[in-house]
Engineer: 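Below is the structure I would like to discuss, written out as C-alpha cells.
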2 protein chains.
Amino acid sequence: MKKEITIYDIAKALKVSPATVSRALNEHQSISGRTTKAVKEMAKKMGYRPNILASSLRTKSTKTIGVITPWINRPFISSVISGIEEVANKEGYNVIISQSNDLLRKEVANAKALFASRVDGLIVSLAMETLRFDHFKPFVDRKIPLVFVDRASSNLGTDRIMIDNFEAGYIATRHLIEQGYTRIAHLTGAEHREIYRERKEGYLSALRENNIELNEELIVVSGLSYQEGRESMEKLLDGTLMPQAVFCANDTSAVGVVQCIKKRGLKVPGDIALVGFNDDPIASIIDPPLTTIAQPSEEMGKIAAQQILKKLRNPKLVKSETIVLKSNLVLRSSSVVSKKITIPE
Amino acid sequence: MKKEITIYDIAKALKVSPATVSRALNEHQSISGRTTKAVKEMAKKMGYRPNILASSLRTKSTKTIGVITPWINRPFISSVISGIEEVANKEGYNVIISQSNDLLRKEVANAKALFASRVDGLIVSLAMETLRFDHFKPFVDRKIPLVFVDRASSNLGTDRIMIDNFEAGYIATRHLIEQGYTRIAHLTGAEHREIYRERKEGYLSALRENNIELNEELIVVSGLSYQEGRESMEKLLDGTLMPQAVFCANDTSAVGVVQCIKKRGLKVPGDIALVGFNDDPIASIIDPPLTTIAQPSEEMGKIAAQQILKKLRNPKLVKSETIVLKSNLVLRSSSVVSKKITIPE
DNA sequence: CAAGATGGCGCAATCGATTGCGTAAAATTT
DNA sequence: AAATTTTACGCAATCGATTGCGCCATCTTG
C-alpha cells in the first residue's frame, strides 16, 4: 500500500543530503538545531520508520538481547524475565525470549537461532539436560556478552548471577532439623546442574553437622516437575523407611509431593513436613502453605541485563564475575507445627 | 576476534562469483550440483554464518512473527505460545514474545517495537485495559498479517482464534444451576473485553432460561488476578446476599475466591460451589479441585501461527476469518457434591 | 551442419542507513 | 581586512545478500 519511506525521501523533500537526515535523526551535534528540527518534523509528517535492518547491517549492532530459559511459565523465571526486560527496554534494547523446555536439543536450536539473529548479548538459564556447552562457544569466540542466571555452569568463564545455593540448602535443612526431624528426604535435580548439587551439598552439610546419618535412599533425583514430585514421593513412601520431612529443590515438585501425601491420607506437616524452593505464588496458596526459599528473581534479571549492558558499553571489560545475591527462608505451615499459621493476607 | 566471513570470501576461495555462492546456499536450481556442494562445504569449513540482516534488508522479510500477550506466565497463554512456536519454527520462522502486563501503555510500546523490528506477522491477545486500537493500524495499513487469539476485538477486521465464550459461560452456569444452586455470582473482567462480556452473556442466558432472577450485586468486575479474586469474594460475602455458587471468568481469580472462602471458615462446595475458567494446572491441584472450562490453548496457538503463514504465502488472501474452537467443561469437586472425587492421578 | 534450446554462471544494481573525510560558508580572531 | 577557526553539511564508500538480465558453452533437434 503505502510505500515505505526512507531517509532519501526525506532528504529529497528537504533538499539536503541523506547523510544530514541520518545525522539529524540521531541528534548528531554537527547538525544545526534548525535542520534537525526540520528533518524530524518532515520524518513524522511523511510517516517515516527507520529501517533497523539497514542500520544494524551497517553498525553491526542489533540492540537486542537474547534470553534462553527452560520454561517461560515458571514463576521464578518469568519474574527474572521481567527484570531483564525492564532494564533492557529502558536502555533501548529489545529482548528475544526463547525456551528450551529443559531439552538440550531445543537449547542448542535456540542458541543457534539467537546467534544467527545476531543478538548483542545473551542471558541463559540452562536446561536440566545440558552437559555440553559448545553451543555457546560461538558467543564466547565473538566476545558476545554471555551471562548465566540461576542455572549456570562454572566451566565457562562467564558472568553468573545466582544465590548461594549451598547456604540455602543448608538453611532449609537446618530448619527442618530444628523442628525435630531427623529422617529428612531430599528431592533434587540432575547432579550436573550446579544449583541442585549445591543445594544438596547444603542439605548434606546440615545433616552432618547434626550428626544425622545420611541414607542414600532418601535422595531422589528427577526433573522436578509436578508429576515427578508425586512419583518421587510415591517411591519414598513405598521405600523401607518413611521420611519425616522432605526438602524439595523447587516448589513445583513440592506441590506434587503434597498431593501425593494427601492422597495417601497423610498430613502435612503432621506426618511429613515439607520445605520447597523458589517461593512460587502457589507456595502460599496450596494447603498447607509451603515453607520455602525465596530468591530475588526480578533483581537477578535486572542485574543480568545490567552486566550485559556494562560489557556492551565497555568491551574492554572481559573479566567475568559471579554475583551472589541473598536468599531467605520463608516460614509457612508446611514445616512448622508449633505456631498456628493462617492463610496469609 | 575471528573476522566475520561473507559470501564474498567464499566466492574468492572458490573462484566463483558471490551471486553463485548466494544461489548455491539457497539451493537455487540454476546452479549445478557440483558447485552447490562445493560452496556448502567451503561455507562450513570457513565457519560462515549468513547475515540475516543483509538478507532481510534485501528481501524485505525478517522471517519473524511477533507475539503480544498480557502475561507470559499464565498457563493458558504460555501454552498458546508453545503452539505458536511449534508451527512457526517448523516453517523456519522465529517468534518474538512480548508482554503487556495487561497495560495499554506497554501493549502500545510492544506493538511499536515489533513494528520497528519489521515482523512479518503479529499475534495478539489484548491487554485488559485496551480500548483503542490505533497501535495496530500500522500493521493493518501495511497489510502485515494480524491475528488475535482469545482476547480479541471484533472492531478490527482481522483473523481471530477463539472458543465460543458465550456457550462456555452458558454451560458453566447451567452446570451450577443443575447442581441446584440459584444464587450464582459471577466474577468477570472488563466489559469491553469481548471474551468476558460473552461469558457473562452466557451466564445471564442460563439464568434467564431457568427463570432465575438476576441480581446485579452478584456480578463483580475486576482484573481477575488472584488478589482481586479474593477481594471480590470478600465483597460478595460482605454483601446483603451470600451467593451459593460462583462462576469465575478465570482460574486465577477462582483460586483467590477459594482462599477467601476458606479463610472465612466456609467450605467449597459445601457452602459455596465454584466454577473457574481455563483449566490451569492449579485447578486440579488446589483443594478442592476446581471445576472449570478447558480451552484447547496449544491448538489455538498453532492455528494462529498457521493463519499468519497462510496469508504470508498467499498475500491475496485478505478475507479475515474467525475460527471458533471447542471448549469443554471439566468436572471436579468444587462444584459437585454428589459423587466423591479424589485427587486425580 | 546450422539453428535453436538449455544449463550454469557472472555483472552490477539494489535494499537503507552510517560515517570518515572533505569543503564551503559563517563566525571569530588578529 | 586578512587569517584562522568553527559550523554545517555533502560525497561516496560501505555493510552483506539478492536477483533481473545477459552471455557463453554445451547440447539437442531438424
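Chain letters run A, B, ... following the sequence lines, proteins first, then strands; residues in each count from 1. From a predicted model like this one, the values you see are computed outputs, not experimental measurements.
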Engineer: Run the side-chain contact (heavy atoms from CB on, under 4.5 Å) test against B:N110 and tell me which residues pass, sequence neighbours left out.
Structural biologist: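 Here the qualifying residues are B:I68, B:S98, B:S100.
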Engineer: Return a table of donor-acceptor pairs under 3.5 angstrom between the side chains of residues 87-94 of chain B and protein atoms on other chains or two or more places apart.
Structural biologist:
| residue | atom | partner | partner atom | Å |
| --- | --- | --- | --- | --- |
| B:N89 | ND2 | B:E85 | O | 3.2 |
| B:E91 | OE1 | B:R313 | NH1 | 3.4 |

Engineer: Among pairs that include at least one residue of residues 54-79 of chain A, which meet salt bridge (charged side-chain N to carboxylate O under 4.0 Å, His left out), considering only residues two or more places apart or in two chains?
Structural biologist: none
Engineer: Report all side-chain donor-acceptor pairs from residues 13-24 of chain B shorter than 3.5 Å, counting only partners two or more places apart or in another chain.
Structural biologist:
| residue | atom | partner | partner atom | Å |
| --- | --- | --- | --- | --- |
| B:S17 | OG | B:A19 | N | 3.4 |
| B:S17 | OG | B:T20 | N | 3.2 |
| B:S17 | OG | B:T20 | OG1 | 3.1 |

Engineer: All N/O contacts under 3.5 Å from nucleotides 22-27 of chain C to the protein, with atom names and distances to one decimal?
Structural biologist:
none

Engineer: For the helix from C:dC1-D:dG30 to C:dT30-D:dA1, measure the angle between the helix axis at one end and the axis at the other, each built from five pairs, rounding to 10°.
Structural biologist: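 That helix gives 40° between its end axes.
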Engineer: Please identify each residue that fulfils side chain to side chain donor-acceptor pair (under 3.5 Å) with A:E321, with sequence neighbours left out.
Structural biologist: A:Q307, A:K310
Engineer: Going by the salt bridge (charged side-chain N to carboxylate O under 4.0 Å, His left out) test, which pairs reach into residues 38-50 of chain B, not counting sequence neighbours?
Structural biologist: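 Applying salt bridge (charged side-chain N to carboxylate O under 4.0 Å, His left out) to every pair that reaches into residues 38-50 of chain B, excluding sequence neighbours, yields B:E4-B:R49, B:E27-B:K40, B:K37-B:E41.
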Engineer: Not counting sequence neighbours, list each pair that qualifies as a salt bridge (charged side-chain N to carboxylate O under 4.0 Å, His left out) and has a residue in residues 99-114 of chain A.
Structural biologist: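 Pairs touching residues 99-114 of chain A that pass the test: A:D102-A:R151.
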Engineer: List in chain and number order the residues that pass side-chain contact (heavy atoms from CB on, under 4.5 Å) with A:I96, two or more places apart in sequence or in another chain; answer none if no residue qualifies.
Structural biologist: A:T64, A:L114, B:I96
Engineer: In B/S/- notation, 5' to 3', how is nucleotides 8-17 of chain C contacted by protein heavy atoms closer than 4.0 Å?
Structural biologist: BBBB-BBBBB
Engineer: With sequence neighbours excluded, tell me which residues meet side-chain contact (heavy atoms from CB on, under 4.5 Å) with B:E129.
Structural biologist: B:L103, B:L104
